[in-house]
Protein chains: 2
Amino acid sequence: MESTSATKPPPRVTRPSADATRGAILAAALDVFSERGFDGASTRKIAARAGVTQPLLNYHFSSKDELWRAAVDVLFTRLADQLTARAAGLRGVDEVTSARLLVREFIGFSARNPQVHRIITQECKTDGPQMDWLVERHIQPLYEATASMLASLAERGAVPAIPPAHLYYILTGAGPTMFVLGPECRRLTGLDPSADEVIEAHADAVCLLLFGPDDGARHAP
Amino acid sequence: MESTSATKPPPRVTRPSADATRGAILAAALDVFSERGFDGASTRKIAARAGVTQPLLNYHFSSKDELWRAAVDVLFTRLADQLTARAAGLRGVDEVTSARLLVREFIGFSARNPQVHRIITQECKTDGPQMDWLVERHIQPLYEATASMLASLAERGAVPAIPPAHLYYILTGAGPTMFVLGPECRRLTGLDPSADEVIEAHADAVCLLLFGPDDGARHAP
DNA sequence: CGCTACCTAAATCAAACGATCAGCTTTCTC
DNA sequence: GAGAAAGCTGATCGTTTGATTTAGGTAGCG
């Protein structure tokens with residue numbers, strides 16, 4: 001027998017073209033999953049939006065569940081990367097200014113990637129394996145970092161004295177909702193929630209409520 | 001005169017037992033629709049939760065779409081009724097106090113009926129006939145009343161100077177999100193979002209951010 | 001060249017879907 | 001108390017779902 005065979009596991013070389021279509025599938029999956037929910041998102045619709053045939057999804061991903069997890073991983077990793085990069089760039093800046101800018105960064109990301117909170121609200125309103133995985137892997141770390149930041153801000157009086165858990169849901173509710181409900185917002189208010197000025201105005205509004213006027217002095221006696 | 005036959009169209013008497021099961025179906029439909037979305041909510045699951053057989057849904061409602069609309073009608077009518085009743089009870093009370101209590105009422109309702117915002121986020125992130133119907137029939141009136149109230153509050157300085165459209169999405173995001181994501185909140189924070197103290201604490205938090213400290217003096221020079 | 005990764009095309013599977021029907025039981029009415 | 005309608009059920013229709021299979025075609029690499 002070929003002694004050379006057993007020593008070589010599958011070298012598993014992926015060609016560049018594979019990554020491209022994998023990426024297209026993941027992007028399409030994100031859109032469809034976030035818009036129609038896990039059950040409502042059919043693999044045929046995802047394949048159609050990605051411009052590939054349906055069996056190809058099972059070629060690249062073993063199941064619909066695995067595709068969902070892969071797509072969610074991409075999105076949340078992008079969010080975490082962007083936030084940590086921003087935080088890294090703010091080393092040395094005072095805590096309150098830094099927090100303000102991180103909140104703005106978070107709102108900007110949510111506005112340009114409304115799929116994040118669409119998926120969270122899709123999966124986290126019911127207990128289930130999808131929520132377990134999502135919370136454990138992605139949401140919990142984000143929550144802990146955010147809550148500790150908010151607690152520190154509240155302690156030093158930079159934001160109103162509100163328990164961090166409530167502040168967390170106020171922030172993650174007030175920030176992204178306008179963009180999650182983009183089509184409704186357009187219809188209801190006439191504003192275009194994908195426009196930069198609207199995103200900035202919303203970040204201004206949330207920061208004004210949380211931190212007070214921008215000049216830094218808050219509740220000045 | 002007793003021509004009895006031709007003069008009597010279908011008398012269409014509904015028996016009391018029918019209303020009971022209709023109500024059970026509507027309640028179950030609300031839960032399942034809000035949790036799994038329109039596509040993900042199968043008529044069999046709804047029937048099972050209501051404790052009836054599946055063909056009975058088509059006996060009481062001509063189609064899945066009609067069942068959805070009927071269930072949503074019940075919920076949003078209840079919300080509007082509760083808010084207008086509260087507002088009616090506040091005639092004569094000064095505008096700011098009245099607004100504060102209406103915001104608390106809204107948050108209380110959202111906490112005890114998280115299906116409202118679950119359904120809104122389900123249907124309003126994509127253009128479609130369901131969103132058209134929902135916005136036109138239920139959300140638009142609520143938005144206009146809320147926005148005009150917020151505009152008036154901002155004008156008189158009772159809340160920070162933020163355009164009403166942004167304030168609306170801040171309020172409808174910050175208020176209900178904690179309860180929409182109830183299972184996640186339980187897991188993440190250890191808080192029980194269905195407990196009265198938690199609901200009150202969240203209403204306190206949102207009102208503190210919006211209106212400032214309860215004593216009425218805000219940004220006092 | 002030959003091998004393997006990548007991808008299309010078309011057909012198919014069991015399961016679950018919304019919807020419908022004939023028929024049974026209950027309840028009101030005359 | 002008999003007849004009719006309302007209320008409800010089991011069986012079943014055609015469709016769509018996720019997934020798999022078969023067959024074939026193209027491109028990169030040793």
Side-chain angles (χ1 to χ4, degrees), chain A residues 2 4-5 7-29 32-33 35-71 122 128-130, chain B residues 1-29 32-33 35-71 128-130:
Chain A
E2 300 296 308
T4 56
S5 64
T7 55
K8 274 223 173 179
R12 201 60 192 157
V13 265
T14 55
R15 303 223 257 263
S17 81
D19 290 354
T21 50
R22 252 185 83 102
I25 291 173
L26 285 171
V32 181
F33 276 134
E35 283 171 12
R36 335 250 321 188
F38 183 84
D39 295 304
S42 80
T43 57
R44 287 169 229 269
K45 268 178 216 134
I46 295 173
R49 190 171 308 198
V52 299
T53 57
Q54 186 243 1
L56 194 62
L57 303 202
N58 283 93
Y59 175 79
H60 285 289
F61 307 93
S62 67
S63 70
K64 191 185 177 186
D65 282 85
E66 202 208 274
L67 172 58
W68 181 83
R69 275 196 292 272
Q122 282 286 356
Q130 322 237 26
Chain B
M1 50 178 71
E2 295 299 302
S3 41
T4 56
S5 61
T7 56
K8 276 222 171 179
R12 200 57 192 162
V13 265
T14 56
R15 309 223 254 258
S17 81
D19 289 355
T21 50
R22 252 184 83 102
I25 291 173
L26 285 172
V32 181
F33 276 134
E35 283 172 10
R36 334 252 316 192
F38 183 84
D39 295 305
S42 78
T43 56
R44 285 168 229 267
K45 269 179 216 135
I46 296 173
R49 191 171 306 199
V52 300
T53 57
Q54 186 247 356
L56 195 61
L57 304 203
N58 282 93
Y59 174 78
H60 285 288
F61 306 93
S62 65
S63 70
K64 191 185 176 184
D65 281 86
E66 201 208 274
L67 172 58
W68 181 85
R69 276 197 292 273
Q130 322 235 27

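In what follows, every chain begins at residue 1, and chains take the letters A, B, ... in the order their sequences are listed.
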Below 4.0 Å: OP1/OP2 of dG7(D) and any side-chain N or O of Tyr59(B): yes
What's the CZ-C1' distance between Phe61(B) and dG18(C), to the nearest Å? 16 Å
Charged N to carboxylate O under 4.0 angstrom, Glu35(B) versus Arg49(B)? yes
Between Ala28(B) and Ile46(B), the two heavy atoms sitting closest are CB-O, 3.6 Å
Taking CG from Leu67(B) and P from dG18(C), how many angstroms apart are they, rounded to a whole number? 10 Å
Given dG18(C), is OP1 or OP2 found less than 4.0 Å from the side-chain N or O atoms of Ser63(B)? no
Taking atom OG1 of Thr53(B) and atom CZ of Arg44(B), what is their separation to the nearest 0.5 Å? 11.0 Å
Could you state the CG-P distance from Asp65(A) to dT17(D), rounded to the nearest angstrom? 17 Å
Could you state the NZ-P distance from Lys64(A) to dG18(D), rounded to the nearest angstrom? 4 Å
Describe, in one word, how the ring planes of Phe33(A) and Phe38(A) are oriented to each other, choosing from parallel (under 30°), tilted (30 to 60°) and perpendicular (over 60°). parallel
Is there side-chain contact between Asn58(B) and Thr43(B), with at least one heavy-atom pair below 4.5 Å? no
Can you tell me if the side-chain N/O atoms of His60(B) get under 4.0 Å from OP1 or OP2 in dC8(D)? yes
For the residue pair His60(A) and Glu66(A), what are the closest heavy atoms and their distance? O-OE2, 4.5 Å
So which of residues 35-57 of chain B are in contact with DNA chain D, with a heavy-atom cut-off of under 4.0 Å? Thr53(B), Pro55(B), Leu56(B)
Here the distance between atom P of dC17(C) and atom CG of Asn58(B), to the nearest Å, is 14 Å
